[in-house]
Visitor: 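Can you read through this structure? Questions will come right after.
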Protein chains: 2
Amino acid sequence: MTLLQAWEGEADCRNCTLRESALFSSLTEDDFAVVHGQVEQVTMSPGDILYKIADPGYHLFTVRSGLVKLVQYLPDGTQRIVRLAFGADVIGLEMMVGEHYLHEVVALRTTELCRYPIAAVNRICTTNAALHADLMSRWQRALSEAEASLVLLSTGTAKRRMANLLLRLLDGQDSSECFLFSREDVGSILNMTVETASRTLSEFKRQGVIKEIRNNHFDLDVPAMKVIATI
Amino acid sequence: MTLLQAWEGEADCRNCTLRESALFSSLTEDDFAVVHGQVEQVTMSPGDILYKIADPGYHLFTVRSGLVKLVQYLPDGTQRIVRLAFGADVIGLEMMVGEHYLHEVVALRTTELCRYPIAAVNRICTTNAALHADLMSRWQRALSEAEASLVLLSTGTAKRRMANLLLRLLDGQDSSECFLFSREDVGSILNMTVETASRTLSEFKRQGVIKEIRNNHFDLDVPAMKVIATI
DNA sequence: CGCGCAATTGAGTTTCGTCAAAATCGGTGG
DNA sequence: CCACCGATTTTGACGAAACTCAATTGCGCG
């Protein structure tokens with residue numbers, strides 16, 4: 001299934017709730033006018049594929065709400081989730097400097113995105129230093145994310161990695177609740193089998209450091225979890 | 001030891017062997033004249049530290065020869081190598097958009113670098129679109145590297161990860177020789193103990209897929225190694 | 001030559017993966 | 001509303017892989 005929900009047409013950028021943090025937050029009114037008409041909104045359901053590896057494409061995306069996974073494949077076909085994107089994360093940046101997308105992007109929840117044409121971004125980029133700076137920040141953010149994944153989610157025991165994932169998925173700054181996805185995806189992020197993922201969560205429940213409020217929705221004992229994350 | 005070998009003074013950029021692939025390869029003569037006087041060469045011995053995490057700094061670096069590791073630390077103090085840099089890799093890019101370095105950078109072999117002032121790069125960046133594009137490519141390259149590390153060096157069994165590391169360290173395109181560093185650093189890249197690293201290499205020797213030519217210098221049976229890397 | 005550090009090897013334990021079975025969930029249709 | 005189905009999740013038993021601790025070997029260097 002590469003088909004998405006229908007494009008929802010022109011976006012209302014001026015009233016965008018992400019206006020401050022989204023790409024283009026630093027544009028002048030003139031520059032903004034150039035892209036504005038070319039921005040479109042996309043809505044994805046869980047499991048929908050935004051694009052695949054090596055797809056040609058002409059768009060950048062900003063995640064408005066929801067959560068997507070960025071997947072790469074090993075030579076033998078097993079998949080590995082290399083990044084999660086949410087908040088105001090930008091995905092598809094590699095198209096600014098290359099010919100193809102480098103990931104497969106799949107929605108893990110209902111997800112809304114904005115779609116920008118690369119050509120327009122590139123055009124503005126040549127004259128607008130602020131956008132340039134903004135793009136560099138986005139790149140650095142993606143890089144920091146990838147490295148954090150490496151350090152937090154790929155180092156240590158299964159329990160430790162799981163604790164770091166749960167902490168990272170906390171809804172807000174001072175929330176203690178988080179929403180988890182399938183065990184298979186958990187395994188693909190943390191480099192473990194679905195059985196180990198399941199067993200680890202069960203043990204957390206038994207220890208009382210997580211409580212399942214409703215399906216796949218957990219309430220964490222954050223301090224305890226932070227301890228586990230550093231053992 | 002944060003002390004480096006003495007700065008070796010002004011670089012001879014015009015005759016640089018990396019001229020084509022180094023940062024600034026796309027500069028005009030005028031722009032080039034601006035930075036030229038500000039570029040300096042650095043030489044590091046194995047174990048020397050270029051900079052530490054959270055160090056303030058005003059420089060980007062290009063690796064001219066040798067090999068450095070980029071290290072991050074877990075809350076409990078254990079270290080993890082998040083990237084290796086060599087060839088014409090640029091390090092310290094995060095200083096273009098932030099206040100501090102995000103890694104500790106340590107030489108694994110005798111290493112030569114060029115040092116550019118961030119301020120000069122930023123200045124040229126505002127007028128020179130080619131440099132802009134070049135910088136974005138560097139960022140994307142670093143990101144691809146980080147993700148390749150995740151997929152190749154952090155997925156699968158110890159043997160598989162080791163095989164991928166050895167293949168990645170091959171001297172040249174069609175060389176079968178590679179130079180390895182300490183078992184502790186190997187363990188820090190592949191997320192395994194020094195004992196497992198040592199045992200894995202010993203098994204490779206017994207199987208005949210690697211031969212130790214001289215200390216830590218191996219000749220690989222590349223096809224066999226590629227098979228191991230995909231099992 | 002001997003010292004110190006890194007690397008290797010061995011033995012025992014823990015963790016994790018594999019395979020298989022049972023339980024749970026979500027959706028569908030009677 | 002409930003029974004049934006497939007898919008996902010959980011649990012159990014076993015074996016393989018990797019870690020820990022400890023002892024030994026090998027290497028570089030004074």
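Protein chains get the first letters and strands the later ones, always in sequence-line order, with residue 1 at the start of each.
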Visitor: Please determine whether any donor N or O and acceptor N or O are separated by less than 3.5 Å between the side chain of A:Glu195 and the base of C:dC16.
Guide: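 There is none.
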Visitor: Who passes ring pair (Phe, Tyr, Trp, His ring centres under 6.0 Å) against B:His100, sequence neighbours left out?
Guide: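 B:His100 satisfies ring pair (Phe, Tyr, Trp, His ring centres under 6.0 Å) with no other residue.
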Visitor: To the nearest Å, give me how far apart CG (A:Leu108) and P (D:dT8) are.
Guide: 14 Å
Visitor: Specify whether B:His217 and B:Phe179 have parallel, tilted or perpendicular ring planes, treating 30° as the upper limit for parallel and 60° as the lower limit for perpendicular.
Guide: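 The rings of B:His217 and B:Phe179 stand perpendicular, inter-plane angle above 60°.
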Visitor: In residues 153-163 of chain A, which ones come under 4.0 Å of DNA chain C, going by heavy atoms?
Guide: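 When residues 153-163 of chain A is checked for heavy atoms under 4.0 Å from DNA chain C, the hits, listed by number, are A:Thr157, A:Ala158.
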Visitor: Would a 4.5 Å heavy-atom cut-off, applied to side chains only, mark A:Met44 and A:Leu50 as touching?
Guide: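 Yes, side chains in contact.
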Visitor: To the nearest Å, give me how far apart CZ (B:Arg214) and P (D:dC27) are.
Guide: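 Atom-to-atom, B:Arg214 to D:dC27, this comes out as 15 Å.
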Visitor: Could you report the tightest heavy-atom contact between B:Leu165 and B:Leu153, atom names first, then the distance?
Guide: N-CD2, 3.6 Å
Visitor: Can you sort out which residues in residues 196-208 of chain A have a heavy atom within less than 4.0 Å of DNA chain C? Ascending by number, please.
Guide: A:Thr196, A:Arg199
Visitor: Flag the pair A:Asp89 and A:Arg64 as a salt bridge only when some basic side-chain nitrogen lies within less than 4.0 angstrom of an acidic carboxylate oxygen.
Guide: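 No salt bridge links A:Asp89 with A:Arg64.
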Visitor: Quick one: does any side-chain atom of B:Gln41 pair with a main-chain N or O of B:Cys114 as donor and acceptor, under 3.5 Å?
Guide: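 No: the side chain of B:Gln41 does not pair with the backbone of B:Cys114.
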Visitor: Any salt bridge between B:Glu145 and B:Arg168, counting N to O under 4.0 Å?
Guide: yes
Visitor: In degrees rounded to 10°, what angle is found between the helical axes fit to the five outermost pairs at each end of the helix from C:dC1-D:dG30 to C:dG30-D:dC1?
Guide: 30°
Visitor: Tell me which residues in residues 179-194 of chain B lie within less than 4.0 Å of DNA chain C, going by non-hydrogen atoms.
Guide: B:Ser182, B:Arg183
Visitor: Side chains of B:His59 and B:Glu40: donor-acceptor distance under 3.5 Å anywhere?
Guide: no
Visitor: Quick one about B:Thr43 and B:Glu112 (side-chain donor to acceptor, distance below 3.5 Å, no hydrogens or angles considered), yes or no?
Guide: no
Visitor: Starting at CG of A:Asn216 and ending at C1' of D:dA7, how long is that distance when rounded to a whole Å?
Guide: 14 Å
Visitor: Look at A:Arg80 together with B:Glu147 and state whether they make a salt bridge at an N to O cut-off of under 4.0 Å.
Guide: no
Visitor: How many angstroms lie between CZ in B:Phe61 and CD1 in B:Ile91, if you round to the nearest 0.5 Å?
Guide: 6.5 Å
Visitor: Answer yes when A:Asp76 and B:Arg160 have at least one side-chain N-carboxylate O distance shorter than 4.0 Å, and no when they do not.
Guide: yes
Visitor: What's the spacing between A:Ile189 CD1 and A:Ser149 OG if we round to 0.5 Å?
Guide: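 If I round to the nearest 0.5 Å, the distance is 7.5 Å.
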Visitor: Pick out the pairs of N or O atoms, protein on one side and nucleotides 23-25 of chain D on the other, that lie under 3.5 Å.
Guide:
none

Visitor: Do we see a donor-acceptor contact under 3.5 Å between the side chains of A:Ser188 and A:Arg183?
Guide: no
Visitor: Could you state the interatomic distance from CZ (A:Arg161) to CG (A:Leu152), rounded to the nearest 0.5 Å?
Guide: 12.0 Å
Visitor: With a cut-off of less than 4.0 Å, is there a side-chain N or O of B:Asn215 near OP1 or OP2 of D:dG26?
Guide: no
